[in-house]
2 protein chains.
Amino acid sequence: MKDMLMLQQKIIPEMLELLDKRYSILKNIYYNQPVGRRALSQELKLGERVVRTEVNFLKNQGLIEINSIGMMVTKEGENILERLEEMIHEINGLSNIEENLQRFLQIEKVMVIPGDLDKDSTVLKEMGRVAASYIKSIMRNDSVIALTGGTSVAQVVENFPRISRENVLVVPARGGIGREVETQASTLAAKLANKLGANHKLLHVPDNLSHEALETMMHEPGIMDTLKSISIADILIFGIGRADEMSRRRGLNDDDVKNLLSQGAVAEAFGYYFNRNGEIIFITPTMGLKFDDVKYIKNIIAIAGGKNKAEAIIATKTHNPHMVLVTDEGAAKEIIRIKENSVS
Amino acid sequence: MKDMLMLQQKIIPEMLELLDKRYSILKNIYYNQPVGRRALSQELKLGERVVRTEVNFLKNQGLIEINSIGMMVTKEGENILERLEEMIHEINGLSNIEENLQRFLQIEKVMVIPGDLDKDSTVLKEMGRVAASYIKSIMRNDSVIALTGGTSVAQVVENFPRISRENVLVVPARGGIGREVETQASTLAAKLANKLGANHKLLHVPDNLSHEALETMMHEPGIMDTLKSISIADILIFGIGRADEMSRRRGLNDDDVKNLLSQGAVAEAFGYYFNRNGEIIFITPTMGLKFDDVKYIKNIIAIAGGKNKAEAIIATKTHNPHMVLVTDEGAAKEIIRIKENSVS
DNA sequence: TTCATAGGGACAACATAAGTCCCACATATA
DNA sequence: TATATGTGGGACTTATGTTGTCCCTATGAA
């Protein structure tokens with residue numbers, strides 16, 4: 001397959017662009033359906049007329065349906081879309097990159113989604129979908145799923161397929177994170193539980209409490225119960241953030257932020273801040289998952305994409321060899337670049 | 001691979017035309033090199049400008065070289081060309097057709113070259129090249145190769161790669177055939193022997209001798225020697241002709257021709273005429289390979305292409321299960337058509 | 001109703017591809 | 001040596017296809 005693609009690249013390279021164009025149009029329709037021609041052309045940053053021509057083509061091929069409410073991807077279109085993704089994957093040499101990253105980060109598996117999250121909003125959704133379908137495959141009866149907040153994890157939940165497992169429990173990995181309710185861990189836990197027909201427990205604790213206040217709250221029965229469930233989680237889903245962004249979003253005061261960054265913090269994940277060497281230099285004062293638990297958890301899935309997250313992804317060392325990373329082409333290639341610069 | 005081609009055909013069907021165009025241009029350059037732009041455009045029945053555009057592309061891709069003497073295919077171009085052929089093979093579904101024909105004709109192997117001999121003169125060369133490289137693979141030390149005349153076999157000889165085997169002998173399968181020296185069995189035998197650094201023997205016997213004259217000549221020492229070699233040949237290369245064409249070319253008089261055709265002769269091979277059921281109804285009065293030998297010969301390769309040869313190919317039954325047929329897409333598809341019509 | 005969105009028609013502006021002819025040069029032939 | 005025929009490349013006009021733009025009507029939501 002790879003051989004053949006190289007051959008095609010040599011003899012009909014124009015086709016690659018065309019393939020890419022049609023793929024991204026189809027993908028965008030899929031993730032925004034029903035959608036109109038103008039909205040699409042804005043999203044894709046293509047001329048309206050161009051979109052129209054291609055859309056007409058896709059219609060003739062039976063990949064999309066067009067009616068007055070907008071454009072929708074047909075069953076066949078979905079099928080094609082899925083297979084196209086694999087192909088683009090190969091064309092961009094992402095299989096190689098995945099193996100490369102796996103070795104470099106010393107983790108079990110890396111999945112790279114074609115495209116760049118910063119430039120193409122469907123990439124994030126795609127990452128969510130891929131992560132979700134992976135998690136679905138490892139989910140068992142009686143699984144306990146812990147997850148964090150953030151837009152990446154939110155997309156995983158959003159794109160989770162409905163499946164039936166018995167006695168599944170979903171819990172937030174750690175106490176309240178962020179201000180937007182939509183992407184808070186608690187909200188996501190509830191949403192995912194709802195999709196799975198599973199139970200969920202909450203952990204309503206404000207950020208940045210004093211040590212004493214935390215101690216007191218941890219003895220509340222409801223909270224104790226949730227914490228116990230968290231500690232036996234067999235699946236952890238988390239996003240990776242940049243230390244600078246996350247520290248501000250978590251409501252740390254300016255001095256603390258400055259202090260943190262001056263200590264070299266570059267990454268944040270489930271409340272822990274890492275420096276370039278993957279050392280923990282600060283822990284958000286809240287409760288939930290302990291780092292020692294993270295290390296031995298059976299299934300741990302990180303979702304993070306975008307070129308600017310590359311450094312943070314490298315820095316976040318869970319020391320868990322079973323970790324799986326779902327990222328995008330932008331981040332993946334940047335990681336490789338950083339890796340190669342540091343070697344030379 | 002097949003799956004992928006179908007996918008591409010769905011999402012970028014324009015690819016096929018472009019691929020086909022570039023392939024045929026590259027192929028034509030290869031078989032006519034060094035060749036000029038104008039000559040090419042005439043051969044391909046494409047506008048001069050179109051050829052120019054594509055040729056420029058091929059040059060930029062490093063597949064051909066252009067200098068004042070004409071265009072030449074580079075090493076890389078040859079490599080690409082070879083792999084392209086496989087791809088076109090798959091695209092046109094020729095692998096299926098090959099298997100289909102193998103079963104229908106009850107022979108060991110069928111190789112179908114993309115294109116139609118009648119429309120594209122390079123197809124014949126291609127058939128020759130493929131047949132030659134197959135024969136090369138089965139040739140051993142001490143092999144005795146018998147071959148007939150005709151343009152198809154001539155192309156096999158023409159495209160034979162130079163290899164070294166010891167003590168190989170090349171002989172014409174039967175006495176003088178046809179009037180054009182270039183494609184006579186004797187000439188081809190000498191040419192092939194020369195390419196292989198092998199020995200050859202000749203069989204200079206006019207066509208259409210009387211029975212008595214034949215008997216006499218067969219006792220000539222030189223001829224006896226050649227005949228003996230023929231009878232122990234382990235490789236037979238032969239073309240298949242239409243009975244109507246061949247009977248005239250062999251110089252039969254009009255009455256005999258009429259007689260032959262009215263008896264239902266449709267095919268001719270190594271001097272034997274077959275009717276639709278594959279029964280021998282006439283034998284050219286000359287000497288050489290006997291039909292009983294043909295049946296048990298170890299390697300027997302037929303080369304014949306073009307839509308109008310389809311019926312002749314079907315009719316030529318050697319009853320040798322080891323037979324290999326090299327043909328073209330035009331003939332192959334026509335054979336399938338005839339086969340399916342006869343069933344219904 | 002009113003408004004925003006949808007698809008589709010139409011046409012000018014533009015870009016690209018194609019047809020055509022000419023030129024300088026190389027090679028083979030007389 | 002002179003000539004005829006091939007070669008690639010330049011340059012131009014013409015044809016074709018692509019793109020940008022605006023307008024129209026229909027449909028669904030507020």
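Letters A, B, ... are given to chains in the order of the sequence lines, protein chains preceding strands, and every chain is numbered from 1. Values below: all heavy atoms of this structure, side chains included; hydrogens, waters and symmetry mates excluded. Everything numeric here is computed off the predicted structure, so don't read it as measured data.
- Evaluation of the side-chain contact (heavy atoms from CB on, under 4.5 Å) rule for B:Arg165 yields B:Met139, B:Asn141, B:Ile163, B:Val168 as partners, not counting sequence neighbours.
- Residues forming a side-chain contact (heavy atoms from CB on, under 4.5 Å) with B:Glu158 (at least two apart in sequence, or on another chain): B:Gln155, B:Lys191.
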Listing time: all N or O pairs from protein to nucleotides 12-18 of chain D that are below 3.5 Å?
none

Check residues 56-64 of chain A and write down every donor-acceptor pair under 3.5 Å in which the side-chain atom is one partner and the other belongs to a residue at least two apart or another chain.
residue	atom	partner	partner atom	Å
A:Asn60	ND2	A:Asn56	O	3.4
A:Gln61	NE2	B:Lys10	O	2.6

Could you list the donor-acceptor pairs under 3.5 angstrom formed by side chains in residues 12-23 of chain A, with sequence neighbours left out?
residue	atom	partner	partner atom	Å
A:Glu14	OE1	B:Arg22	NH1	3.2
A:Glu14	OE2	B:Arg22	NH1	3.3
A:Glu14	OE2	B:Arg22	NH2	2.5
A:Arg22	NE	A:Glu54	OE1	2.6
A:Arg22	NH1	B:Ile11	O	2.8
A:Arg22	NH1	B:Glu14	OE1	3.2
A:Arg22	NH1	B:Glu14	OE2	3.3
A:Arg22	NH2	A:Glu54	OE1	3.4
A:Arg22	NH2	B:Glu14	OE2	2.6

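- By the side-chain contact (heavy atoms from CB on, under 4.5 Å) test, B:Ala304 is found to be paired with B:Ile240, B:Ile313, residues two or more places apart in sequence or in another chain being considered.
- Ranked by how close their nearest DNA chain C nucleotide is to the 5' end, B:Glu54 and B:Glu48 are led by B:Glu54.
- B:Lys125 NZ: more than 12 foreign heavy atoms inside a 6.0 Å radius.
- Going from atom CG of B:Asp328 over to atom NZ of B:Lys307 covers 11.5 Å, rounded to the nearest 0.5 Å.
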Short N/O separations, protein against nucleotides 3-8 of chain D, under 3.5 angstrom:
residue	atom	partner	partner atom	Å
D:dT7	OP1	B:Gly36	N	2.5
D:dG8	OP2	B:Arg37	N	2.6
D:dG8	N7	B:Arg38	NH2	2.7
D:dG8	O6	B:Arg38	NH2	2.8

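- B:Tyr30 and B:Arg129 are not linked by any side-chain donor-acceptor pair at a separation below 3.5 angstrom, with hydrogens and angles left out of the test.
- A salt bridge (charged side-chain N to carboxylate O under 4.0 Å, His left out) check over residues 61-74 of chain B, counting only residues at least two apart or in different chains, returns nothing.
- With sequence neighbours excluded, no residue forms a side-chain hydrogen bond (donor to acceptor under 3.5 Å, both in side chains) with A:Arg38.
- Residues of residues 21-33 of chain A that place a heavy atom closer than 4.0 Å to DNA chain D do not occur.
- Salt bridge status for B:Arg337 with B:Glu334: present, with a side-chain N to carboxylate O gap under 4.0 Å.
- Residues passing the side-chain contact (heavy atoms from CB on, under 4.5 Å) test with B:Asn199, sequence neighbours excluded: B:Leu169.
- Bracketed by its first and final contacts, the part of DNA chain C lying under 4.0 Å from non-hydrogen atoms of chain B reaches from C:dA18 to C:dA26 in 5' to 3' order.
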